[in-house]
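Sharing a structure here in structure tokens format.
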Amino acid sequence: DGRWFAVRVAPLGSHGLVLVLAEDLTEMRRVEAIRRDFVANVSHELKTPVGALSLLAETVEGAADDPDAVRRFAGRMQMESVRLTNLVQDLMTLSRIQGDEPLPELHPVSLDEVIVEALDRCQIKAGARGIELSSGGRDGLKVRGDEELLTTAIRNLIDNAVAYSPENTRVVVATRQCEDDHVEINVTDQGIGIPDGDLERIFERFYRVDPARSRQTGGTGLGLAIVKHVTTKHGGEVTVWSKEGSGSTFTIRLPLLNAPREHVHSDDAER
Ligand code: ADP
């Protein structure tokens, strides 16, 4: 059936018995192929900004007596450097979280703080496109986790919501406590949406619905892969609902650390 096995034969004692061990190599080959694909993809992704930078450096040299052109090329060089830095940063984050080992240090993390921080980091980009960011839902929820990684995951979702939305729309981050001691963080946009056929693949590394658009917005193609791994590492999951032309909602679901005490009215307390 197309599977590969390594067979080892070892003699057992002096009675002519042998032990036969068959090791399934199919999985090893699959993992090796994924690794090779990944290295090829990374090399390709690195080549684009590095190639652009070297071309721009050559061009700027030839335009030394035209200050306007120098300024323009310098701006584009800066953009390509930012793209390169983001890619390396995302690769480092992914390499830290995609293995099987658990995260080293987990602490109680306030979702309110993480969401405020993630929104802050996206504010300039959103403001530049007239996109209004807001948050709502249940306050005071906590999870056990790595604050920086959770901030990165939520920030990646907000960044995408902004990048794949028209100007002057809204992005809302809302928390919800579920009955089964889990919490949901929903990031909803009024953007371009995702075709049904692509929904299953968008969490793969370097998968893009529209590569030209992703490149234009400066995306690394790793944002959602990071969100998926961060969520899984925290014992949760990420899901998406989307309608082309109307918008998308990405939902991160995590185990809740504390169920916040309900507010007790003084009347109730006296009863
Ligand atoms: P990228 O850097 O390309 O944004 P991601 O891994 O963050 O990479 O996302 C993968 C792809 O999923 C994007 O290229 C885009 O096609 C699609 N996508 C992600 N978020 C959204 C969204 N909120 N609305 C529409 N499409 C999205």
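Just follow the structure's listing: the first ligand is 1, and inside any ligand the first atom is 1.
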For ligand 1, find out whether one of its N or O atoms is nearer than 3.5 Å to an N or O atom of Val209.
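Yes: some nitrogen or oxygen of Val209 is under 3.5 Å from one in ligand 1.
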In the structure I gave you, are the side-chain heavy atoms of His234 and Val230 within less than 4.5 Å of one another anywhere?
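Answer yes - side chains close enough.
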Do me a favour and list the nearest non-hydrogen protein atom to atom 14 (O) of ligand 1 with residue, atom name and distance?
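Sorting protein heavy atoms by distance from atom 14 (O) of ligand 1 puts Tyr164 OH, 3.2 Å first.
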Starting from atom 3 (O) of ligand 1, locate the nearest protein heavy atom and write down its residue, its atom name and how far away it is, to 0.1 Å.
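Going atom by atom, the protein heavy atom closest to atom 3 (O) of ligand 1 ends up being Ser214 OG, 2.6 Å.
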Determine whether Phe203 and Val238 make a side-chain contact, defined as any pair of heavy atoms from C-beta on separated by less than 4.5 Å.
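Side chain of Phe203 against side chain of Val238, heavy atoms only: contact under 4.5 Å found.
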Within ligand 1, which atoms have a heavy atom of Gly219 less than 4.0 Å away?
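Under 4.0 Å from Gly219, ligand 1 has these atoms: 2 (O).
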Atom CD of Gln78: over 12 foreign heavy atoms under 6.0 Å
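Check fails, neighbour count at 12 or below.
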Within 6.0 angstrom of Arg170 CZ, more than 12 heavy atoms from elsewhere
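No.
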Starting from atom 12 (O) of ligand 1, locate the nearest protein heavy atom and write down its residue, its atom name and how far away it is, to 0.1 Å.
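Heavy-atom neighbour on the protein nearest atom 12 (O) of ligand 1: Ile202 CG2, 3.5 Å.
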Gly193 neighbourhood, listing ligand 1 atoms whose heavy-atom distance to it stays under 4.0 Å:
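Every atom of ligand 1 under 4.0 Å from some heavy atom of Gly193: 25 (C).
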Would Phe203 count as a contact of ligand 1 if the rule is a heavy atom under 4.0 Å away?
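Judged by the 4.0 Å heavy-atom criterion, Phe203 does not count as contacting ligand 1.
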So, is Leu224 polar-close to ligand 1, with some N/O to N/O distance under 3.5 Å?
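Checking ligand 1 against Leu224, an N or O pair does fall under 3.5 Å apart.
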Full working for side chain to side chain contact (heavy atoms under 4.5 Å, CB included) between Leu141 and Asp112:
CA-CA 7 Å; Leu141 299 172; Asp112 299 338; 5.8 Å; no
State the atoms of ligand 1, each with its element, that fall below the 4.0 Å cut-off from a heavy-atom position in Ser248.
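Matching atoms, with element in brackets: 24 (N).
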Distance under 4.0 Å to a non-hydrogen atom of Arg208: what atoms of ligand 1 satisfy this?
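Per the distance check, 3 (O), 14 (O).
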Non-hydrogen side-chain atoms of Arg253 and Thr239 separated by less than 4.5 Å:
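No. Closest side-chain heavy atoms not under 4.5 Å.
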Nitrogen or oxygen atoms of Tyr207 and ligand 1 under 3.5 Å apart
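Tyr207 vs ligand 1: no N/O contact under 3.5 Å.
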Distance from atom 8 (O) of ligand 1 to nearest protein heavy atom, with residue and atom
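Among all protein heavy atoms, the one nearest atom 8 (O) of ligand 1 is Gly221 CA, 3.3 Å.
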Test: Arg121 and Glu117 ion pair at under 4.0 Å
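Salt bridge between Arg121 and Glu117, a charged N being under 4.0 Å from a carboxylate O: yes.
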Closest approach of any protein heavy atom to atom 26 (N) of ligand 1, naming residue and atom
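For this ligand atom, the closest protein heavy atom is Ile194 CG1, 3.3 Å.
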Counting C-beta onward and ignoring hydrogens, is there a side-chain heavy-atom pair between Val42 and Phe206 closer than 4.5 Å?
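The answer is yes; the side chains approach within 4.5 Å.
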Select the closest option to atom 20 (N) of ligand 1 among Leu87, Asp198, Asn160, judged by heavy-atom distance.
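That would be Asn160.
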Is there a side-chain contact between Asp146 and Glu105 (heavy atoms, below 4.5 Å)?
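Counting from C-beta outward, Asp146 and Glu105 never come under 4.5 Å.
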Any Arg155 side-chain heavy atom under 4.5 Å of Ile226 side chain
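Of all side-chain heavy-atom pairs linking Ile226 with Arg155, none is under 4.5 Å.
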At what distance is the nearest protein heavy atom to atom 23 (N) of ligand 1, and which residue and atom is it?
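Looking only at protein heavy atoms, the one closest to atom 23 (N) of ligand 1 is Asp189 OD2, 2.9 Å.
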Atoms of ligand 1 close to Gly223 [distance to a heavy atom under 4.0 angstrom, numbered from 1]
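By the 4.0 Å cutoff, the relevant atoms are 5 (P), 6 (O), 7 (O).
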